[in-house]
Amino acid sequence: MTTGAATGWATPAPARRGTTARVVLDSPLPQLDHLFDYRIPDGLAAEAIPGVRVTVPLRSAGRVARGYIVETVDASDGFDGELSPLDSVVSAVPVLTPEVWALARKAADRAAGGAGDILRLAIPPRQVRVEKVWQRAQEESPAVSSPPDAPEIDGYGSALADLLAGHQRIALDVIPQVVQLESGTWVGRWAVTIAQAAARTVAAGETAILVVPDYRDSDQLFAALSEYLPPDRITRVDASQPNADRYRAFLDCLTDIPRVILGNRSAVYAPAKSLGLLTIFDDGDPLYSEPLAPYVHARDAALIRQQQSGAALVLAGHTRSADAQRLVDIGWLDAIGPERAKAPRVVITAKADHEDAVAVTARIPSMAWRLAKEAIASGPVLVQVARPGYAPVVACGTCASAARCRTCAGPLRIASAGAAPSCTLCGAIAAGWVCPTCEGTKLRLVTRGTGRTAEELGRAFPGVPVLISDGERQVTAVEGKPALVIATRGAEPVAAGGYAAVLLLDAGRMLAAEHLRIGEDCLRWWSNAAALARPGAPVVLTGVTGDLARALATWTQPAFAHAELLDRRALRFPPAVRAASVSGDAAAVAEALAEVRDLPGASILGPTPADDGVRAILRLDYGQAGEAARLLRGAVVRNATKRRKAPQGKAGYRPPPTLKVRFDDPEILS
DNA sequence: AGCACGCCGACT
DNA sequence: GTCGGCGTGCTC
C-alpha cells in the first residue's frame, strides 16, 4: 500500500497515529452534523489518515455511510460507548485538507447549516480512473516548471504590490479599459491586473485562488494568466467541466506546487498549499450567491478563508458592492484605485421622447442616434438591452392591458419575428388572441428583446452586420470592424480595440425593476459595459438621470455605494445589518424565533403565510449573528429529530414543512 | 434517512 | 398471558 507521505501529496503523517478516527459524514441531515468516533482496525491502520474518504457503519451492521476522516486521536472524548470500527478506506488520497475542513465548519456555522453540505461543494465526486492515473503520475514525481518572474502590476505604482506582499485586505477599483495581450486576444484590463497580482503570488512561492462570476470572465482571466505563467501553474476548477476534468483539476490543487486556481464561486473552497492571495472579481454579481444549502455567498466564504489563512484578499470590480463598501467603512478593507483615473466618456441623454419619434427610433434619443451613426464608421457599436428574445412582453394594442394566456393566465410574448404569441409559463400558442377587456385583436410590443432590437437597428443601418449576444447565444469576442452588437446586460462581448460607442438602451426599464438592490445592479451592468468602450468613445445612458447617472458619468461608484449603504442603514436592510429568513411550520418557526428574539438589536418581521407554512425575517447586528446562527441551528436540529410521518389512515395528510433558516437570503431584498 | 426500541389493543 | 401496531429517538 502506498502512503501519501512517499509521494508528497499527503498531509505529513503524525508522529504517532491515533487509534480512533474522527469522521465527518457526507449527509445533509442536521442531526448528523458532528464528528463521529470510530475505532481504526489494525488492517486499516496505514491508510486511515486524516482527509481520506471512508465508509463507516451507522447504527446497525450492514448500513454504511460515507464520510471523511477529519483527525485521528488516541482516545475518544465525549463519547463513552463502545466504538464501531471503520468499515473501509475508500481511497488513499487525503482529499479533505485541514484548511478546507476548518473553512467548511466555520462557513456552515455562520450560515446555520451543515458542514457536509459545504464539503459537497468543496470536494467533487470521486472518479476512480482519473484518480488512479493521477496517483501513478504523482509517484513518478513529474517535472515542475521553474517559478515565474514577478511582473509589475501596471497602473497602480507600487502601492498594490506592496499591499499584496503584506497580505492585506483590499477593495480594488479596476481600470475600465480593454487591452490586447501578446497572444493577440483582447481582454478587460481587470483581467491583466489580477493576472499580474496572481503571478507575483506564485513567484513568491504561494498559491492564488481567483474567483470570477462565469466562464466568460474565466476565459478572459485565463488568457491573461497565460501571458505570465506556464500551463502547469494554472488550474481551472469550473463546475461546468465534465466530472473527470473537474476531479483531475481538484487533485492537482492538492499538490505542493504553488499555482493559480481559477474558477467560479465554488473555487473559494479549493484546497491550496500555502494560500497567498484570494481574489473575487465583481463581487456584486448575483452568481456569487450559492443556490445550494446552506447558501453561503462566495464573498462570505472568502472573508472566512482570509481570516483563517492570513492570505491577501482582493475584492475587485468596476463598481463597489454595498457589502464591500461596508467592509471599507469599518476599516476591514483598504480601498485602492489606479494611480491615474481613467473614466469612460459618459453621455447622459434626457428621457427619450417617445411622443414624436418615429417607430424605428422610439427607444433611441436623437443624440444617441447621432453618436452611434458617427461611431459605426470606425468600429463596432455595443447596444445593451434589458431582455433576450424578440418581444418578451406584449399588450393589447387597443386598451394596453397586459396580454395573458387563456389556459394559465401567464404573460404572453412573441418568441421570434413573425411568430404567433405564446405563453411564457406554459408555452401554449395564443393564435387568434382576443383581448378579454376590449375585444381588440391587435398586440403591441411593450418591450423589445435582443431580436427585435437587432431587426430595428439592422434596418436603420443597412449594410452593417448585426450580432446578437444573449443568454442563449453568447458571443465572447468581436472584431474591431463596423458592426452592431446587441447584447443583454452581462452578455457583452469584448471588442478588439474597444467599442466605438456604447448605447445603454434600456437603462430606464432596467431601473424600474422592483428590487431594493436594483440601483447597485444597474450601476454594475452599465459600468461593466462602459469599461468595454475604447478610450474617448461615447457611452450613452438613456432615460436615467439623478445620482445613478451622475455616479456613472463621474465614475464615482464607491461614493454611490457609500450613499446606498447609508440608506440601507437607515432602513435596517442588508448589508447594513445581517438578515435571515426563517420558514416552516408555524409552531416550529415561533419556537425558533423565541430563541433569538431577545438578542440585543434583533428585530423580526412577520411571520407571514408562505408556501406550506410561514416565513419570518430576522434582522441582526453583525456582532449577534453568530450567536443567532448557533441558536437557530439548535432549533433546526430539534425540529428534524422530532418531525414525524403521517398518522395512519389519514389520506392526503401532508407532513409539516421542515424548519429552514437561510442567512443572507437574497429574496429579503426583493 | 433508516432502523431499533417501547408501550397499548386483539389474539391463541 | 404475548404478538405486533406504529410513535419516538438515536446514529460513534
Side-chain angles (χ1 to χ4, degrees), chain A residues 14 16-45 47-90 94-96 98 101-102 104-105 108-109 112-121 123 125 292-294 583-585 587-588 591-592 595 612-613 632-661:
Chain A
R16 187 174 50 147
R17 279 219 177 101
T19 55
T20 302
R22 313 206 71 202
V23 172
V24 56
L25 300 179
D26 180 14
S27 164
L29 296 174
Q31 60 274 45
L32 301 185
D33 180 29
H34 59 86
L35 298 183
F36 287 80
D37 293 349
Y38 289 90
R39 183 168 54 77
I40 302 175
D42 291 344
L44 295 179
E47 300 156 73
I49 59 170
V52 296
R53 293 178 209 263
V54 290
T55 58
V56 293
L58 199 59
R59 180 91 176 139
S60 62
R63 214 181 132 220
V64 291
R66 295 146 40 79
Y68 306 89
I69 297 182
V70 166
E71 57 179 346
T72 57
V73 292
D74 277 328
S76 172
D77 58 331
F79 183 77
D80 36 65
E82 196 190 329
L83 300 185
S84 296
L86 284 178
D87 185 73
S88 70
V89 172
V90 174
V95 290
L96 176 58
W101 166 248
R105 185 66 273 167
D109 288 345
D117 286 331
I118 303 276
L119 293 182
R120 214 159 302 126
L121 301 173
I123 304 173
L292 298 173
S583 60
D585 171 63
E591 200 183 316
E595 297 262 352
D612 204 22
L632 291 171
R633 182 65 175 169
V636 169
V637 171
R638 260 175 283 129
N639 178 261
T641 51
K642 79 171 183 221
R643 190 173 91 257
R644 282 306 88 181
K645 286 202 271 257
Q648 228 210 358
K650 268 210 204 170
Y653 173 88
R654 299 232 302 283
T658 52
L659 182 65
K660 287 203 187 80
V661 176

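First the proteins, then the strands, lettered A, B, ... as listed; each starts at 1.
- Taking atom CG of residue A:Leu25 and atom P of nucleotide C:dC10, one finds them 17 Å apart after rounding to whole Å.
- Under the side chain to side chain donor-acceptor pair (under 3.5 Å) criterion, A:Gln31 pairs with no residue, sequence neighbours left out.
- A straight line from CG of A:Asn639 to P of C:dG9 spans 14 Å, rounded to a whole angstrom.
- Under a cut-off of 6.0 angstrom, the local environment of CZ in A:Arg39 is crowded, with over 12 non-hydrogen atoms contributed by other residues, nucleotides or ligands.
- Summarising the geometry, the separation between CZ on A:Arg59 and P on B:dC3 is reported as 11 Å, rounded to the nearest angstrom.
- No side-chain donor-acceptor contact under 3.5 Å links A:Tyr68 to the backbone of A:Asp26.
- Atom-to-atom, CG of A:Leu32 to P of B:dG2 comes out at 12 Å; the value is rounded to the nearest Å.
- With rounding to whole Å, A:His34 atom NE2 is found 11 Å from C:dC10 atom P.
- Considering only residues two or more places apart in sequence or on other chains, A:Asp585 meets the side chain to side chain donor-acceptor pair (under 3.5 Å) condition with none of them.
- A:Arg63 has its CZ atom 6 Å from the P atom of B:dC3, to the nearest Å.
- The interatomic distance linking A:Asp33 (CG) with C:dT11 (P) rounds to 15 Å, in whole Å.
- Nucleotide B:dC3 holds its P atom 15 Å from the CD atom of A:Gln31, rounded to whole Å.
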